[in-house]
Amino acid sequence: MQDDMRGREVLRFAPSPNGWLHLGHAYSALFAFETAKRLGGRMLLRIEDIDIGRCREEYVEGIYEDLAWLGIEWEEPVRRQSQHFAEYEKLLRELRDRGLVYPCFATRKEIQDAIAASGIPLQAWPSDPDGAPLYPGIYKGIPQERVNALMWEGRTYAWRLDMEKARAEAERINGGPLTFREEGSSARGDTGLLDIEPELFGDVVIARKDVPTSYHLAVTADDALQGVTLVTRGQDLFPATYIHRILQVLLGFPEPRYHHHGLIRDEAGRRLSKSARDMGLRELRATGHSPADIRRMVGL
């Protein structure tokens, strides 16, 4: 059995159970499933439920029901990230021990106030690819005594990756600049062997006081642990690859290939989202749509 699995492509669909699946999820899941079949590879399902405040069991069951209804098959057992916090915490501790992350106690208001104090209007301050203002470095490099005092006070904090230091260390380990292999494309058409641009994110959050991981750390660790060889996902996550490549090198993980695909949008060109309750598969199924209808609606 192990010999049969060795050398095969491994793909995954990794939704977060914080809402019902919509047409965009259907496209992403079907794209991964069909690609795995075409390549003679394996298809995994992973539940990315680190946001324990928003994730709900009914959404997990909804994911299973919707995917099975679409005819998608996956290997068991399904990995649930909420059951592996200790593993992520170990990786975080390694980065911390190497001086590559630091605790940041800044509130959203403190960040906005620091930007305002700089004299640069908030709307002119650079934003990261997710639309958040770049962190102005309020608590970066503060004395350890101050860090200890803030922690003793019980202040909430996030662990930020010192991007300049992390990139330099990753390039040292790699023996040069980091790249990744893109088999799809970014929204602007970038494809092939590409350089990373992690400075676009600044000192990104990779864990928090109460949750010892973030999307970036957990997904990088899980893809490595599960042997994912080809990461397929929407173009909105294309820039996240810059962070993931740095973490892969720093933590000694293998490098997968990537295929970022286009997004399903509404008639106004807006990307579908769970928060807007867009084109839910449950609703479409309840109103008599078939899996074949869904495939047509997403262009497959």
Side-chain angles (χ1 to χ4, degrees), residues 2 10 12-18 44-55 60 75-106 135 139-142 144 147-148 150-152 154-174 178 180 196 198 201-229 231 233 237 240-256 258:
Q2 286 297 114
V10 181
R12 48 71 163 178
F13 175 58
S16 297
N18 54 15
L44 308 180
L45 173 62
R46 182 165 70 228
I47 302 298
E48 300 197 338
D49 56 350
I50 61 172
D51 188 350
I52 52 180
R54 296 175 58 206
C55 295
V60 176
E75 293 183 7
E76 296 284 353
V78 173
R79 182 174 174 89
R80 296 188 58 163
Q81 291 182 334
S82 62
Q83 299 172 354
H84 300 277
F85 282 163
E87 297 171 31
Y88 308 135
E89 189 168 19
K90 182 178 179 181
L91 296 173
L92 175 63
R93 188 163 55 248
E94 177 182 341
L95 295 174
R96 188 178 68 225
D97 291 346
R98 293 161 65 184
L100 298 173
V101 298
Y102 62 91
C104 168
F105 302 87
Y135 175 59
Y139 289 90
K140 186 173 184 178
I142 63 174
Q144 186 60 45
V147 171
N148 294 341
L150 290 169
M151 288 186 172
W152 183 257
R155 288 277 297 271
T156 297
Y157 59 87
W159 290 100
R160 290 185 179 271
L161 187 67
D162 186 326
M163 190 61 77
E164 183 177 1
K165 187 181 294 186
R167 181 175 192 173
E169 175 64 6
E171 291 184 347
R172 184 193 69 77
I173 295 170
N174 192 58
L178 273 61
F180 66 99
I196 66 169
F201 285 92
D203 289 356
V204 68
V205 171
I206 62 164
R208 299 189 182 277
K209 175 184 177 181
D210 53 344
V211 179
T213 188
S214 65
Y215 164 75
H216 298 299
L217 182 59
V219 74
T220 303
D222 287 351
D223 283 343
L225 176 72
Q226 296 186 288
V228 174
T229 60
V231 174
R233 57 191 181 193
L237 289 170
T241 312
Y242 306 149
I243 302 170
H244 302 171
R245 282 294 296 126
I246 282 184
L247 290 174
Q248 285 161 5
V249 174
L250 291 176
L251 296 169
F253 292 154
E255 176 189 355
Y258 292 87

task: Identify, with sequence neighbours excluded, every residue that meets ring-ring contact (aromatic ring centres under 6.0 Å, His included) alongside Y139.
output: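 Y139: ring-ring contact (aromatic ring centres under 6.0 Å, His included) contacts with F105.
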task: Answer yes or no: does atom CG of L225 have more than 12 heavy-atom neighbours from other residues, nucleotides or ligands under 6.0 Å?
output: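 For L225, atom CG is crowded (more than 12 foreign heavy atoms under 6.0 Å).
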CD (E164) with more than 12 external heavy atoms under 6.0 Å: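 For E164, atom CD is not crowded (no more than 12 foreign heavy atoms under 6.0 Å).
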query: In a check of side chain to side chain contact (heavy atoms under 4.5 Å, CB included) between L100 and each of L247, D162, L95, which one passes?
result: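 Only one option passes, and that is L95.
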[atom2] on [Y] to [atom1] on [X], rounded to 0.5 Å:
| X | Y | atom1 | atom2 | answer |
| --- | --- | --- | --- | --- |
| R54 | I52 | CZ | CD1 | 13.0 Å |
| L178 | T241 | CG | OG1 | 12.0 Å |
| R245 | T220 | CZ | OG1 | 10.0 Å |
| I47 | Q83 | CD1 | CD | 10.5 Å |
| Y102 | L161 | OH | CG | 9.0 Å |

Taking all heavy atoms of [X] and all of [Y], pick out the closest pair and write down the distance.
| X | Y | value |
| --- | --- | --- |
| P15 | R46 | CD-O, 3.2 Å |
| P212 | L217 | O-CD2, 4.1 Å |
| P254 | A224 | CD-CB, 4.1 Å |
| C104 | Y135 | SG-OH, 3.2 Å |

Answer whether the closest heavy-atom distance between the side chains of [X] and [Y] falls below 4.5 Å.
| X | Y | answer |
| --- | --- | --- |
| D222 | Y88 | yes |
| F253 | L91 | yes |
| Q248 | P256 | yes |
| V147 | P103 | yes |
| L150 | Y157 | no |
| V219 | R12 | yes |
| D223 | H244 | no |
| V60 | C55 | no |

field: E171/R167 ion pair, N-O < 4.0 Å
entry: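 Salt bridge flag = yes for R167 with E171.
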field: Lys/Arg N to Asp/Glu carboxylate O, K90 vs E87, below 4.0 Å
entry: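 Result for this pair is no, no salt bridge flagged.
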query: How would you list all residue pairs meeting side-chain hydrogen bond (donor to acceptor under 3.5 Å, both in side chains) that involve residues 204-215, not counting sequence neighbours?
result: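 Only Y215-R233 qualify under side-chain hydrogen bond (donor to acceptor under 3.5 Å, both in side chains).
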- request: Would you check, one step at a time, whether the test side-chain hydrogen bond (donor to acceptor under 3.5 Å, both in side chains) holds for R79 with Q226?
  value: CA-CA 9 Å; R79 182 174 174 89; Q226 296 186 288; 5.0 Å; no
- prompt: Is there a donor-acceptor contact under 3.5 Å from the side chain of D49 to the main chain of S82?
  reply: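 Answer holds: yes.
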message: Closer than 3.5 angstrom, by distance alone: can the side chain of R98 be matched with the main-chain N or O of L250 as a donor-acceptor pair?
response: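 Yes; at least one donor-acceptor contact below 3.5 Å.
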